[in-house]
Amino acid sequence: MAETFKNNDGVAVTNSEADLYVCPGSTTAVVISCRVTNIDGAADDTVSVKVTQSNNTNMSHLAKTITVPADSTLELAGQSKIVLEAGEKLRIQGAASSGDLEAFVSVLEIT
């Protein structure tokens, strides 16, 4: 059993839902950190993050229109861990179309 720590390259969050992380086939992933940072110095934004199956069928929300104040960071994994099975995804969407939010995920992939 191989274990590999990985970070995504970061995602500019807009009002279009997008993949934040996709668990590869034949892999289980443990989400260690899922941070959303508001890089806008003046305006708050909201974020929604959910776990979906590979075909984007919703399984569960981690956050639903949670406010991320200007110049602040929200940790969505907290002190708990999120386990994703092969093909499952974290998907993210903000309210602003401008990309005021950035998201970053760290995972442990187990194959």
Run the side chain to side chain donor-acceptor pair (under 3.5 Å) test against [X] and tell me which residues pass, sequence neighbours left out.
| X | result |
| --- | --- |
| N58 | none |
| T57 | N55 |
| S106 | N7 |

Can you confirm whether L108 sits close enough to T4 that some side-chain heavy atom of one is under 4.5 Å from a side-chain heavy atom of the other?
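Contact flag for L108/T4 side chains = no.
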With the side chain counted from C-beta on, respond yes when V31 and L90 share a heavy-atom pair under 4.5 Å apart, and no when they do not.
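SC-SC contact between V31 and L90 confirmed.
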In the hydrophobic cluster built from side-chain contacts under 4.5 Å, what are the other members alongside V22?
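Cluster partners of V22: none, it stands alone.
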Can you pull the salt bridge (Lys or Arg N to Asp or Glu O under 4.0 Å) pairs that have at least one residue in residues 4-18, sequence neighbours excluded?
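Every salt bridge (Lys or Arg N to Asp or Glu O under 4.0 Å) pair that includes a residue of residues 4-18, provided the two are not neighbours, is K6-E109, E17-K50, E17-R91.
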Can you run down the salt bridge (Lys or Arg N to Asp or Glu O under 4.0 Å) pairs that involve residues 21-37, sequence neighbours left out, and say none if there aren't any?
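Sorted result for residues 21-37: R35-E75.
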Test side chain to side chain contact (heavy atoms under 4.5 Å, CB included) applied to V36 and I92, step by step:
CA-CA 10 Å; V36 179; I92 191 164; 4.0 Å; yes
Linked, directly or transitively: V105 and F5 (ILVMFWY side chains, under 4.5 Å)
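No, V105 and F5 fall in different hydrophobic clusters.
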Pairs of donor and acceptor atoms involving the side chains of residues 93-102, under 3.5 Å and at least two apart or interchain, shall be tabulated with distances.
unit_1, atom_1, unit_2, atom_2, d
Q93, NE2, N15, O, 2.7
S98, OG, D100, OD1, 2.9
S98, OG, D100, OD2, 3.3

Please assess T27 against I110 for the test side chain to side chain contact (heavy atoms under 4.5 Å, CB included), listing each intermediate value before the final yes or no.
CA-CA 6 Å; T27 302; I110 304 166; 5.7 Å; no
Atom pairs and distances, donor-acceptor, side-chain atoms in residues 61-70, under 3.5 Å, two or more places apart:
none

Which residue pairs pass the side-chain hydrogen bond (donor to acceptor under 3.5 Å, both in side chains) test when at least one of the two sits in residues 37-49, sequence neighbours left out?
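Sorted result for residues 37-49: T37-T73.
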Testing the basics here: between A103 and N8, what is the closest heavy-atom pair and its distance to 0.1 Å?
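Distance-wise, the nearest heavy atoms are O-ND2, 4.1 Å.
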Table please: side-chain donor-acceptor pairs of residues 81-89 below 3.5 Å, with sequence neighbours left out.
unit_1, atom_1, unit_2, atom_2, d
E88, OE1, E85, N, 2.8
K89, NZ, S54, O, 3.4
K89, NZ, N56, OD1, 2.9

Before giving the answer on side chain to side chain contact (heavy atoms under 4.5 Å, CB included), spell out for C34 and L20 the whole-Å C-alpha distance, their side-chain angles and the decisive distance to 0.1 Å.
CA-CA 9 Å; C34 180; L20 180 57; 3.8 Å; yes
Those residues that, when tested against Q79, pass side chain to side chain contact (heavy atoms under 4.5 Å, CB included) (two or more places apart)
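Q79 satisfies side chain to side chain contact (heavy atoms under 4.5 Å, CB included) with no residue once adjacent residues are dropped.
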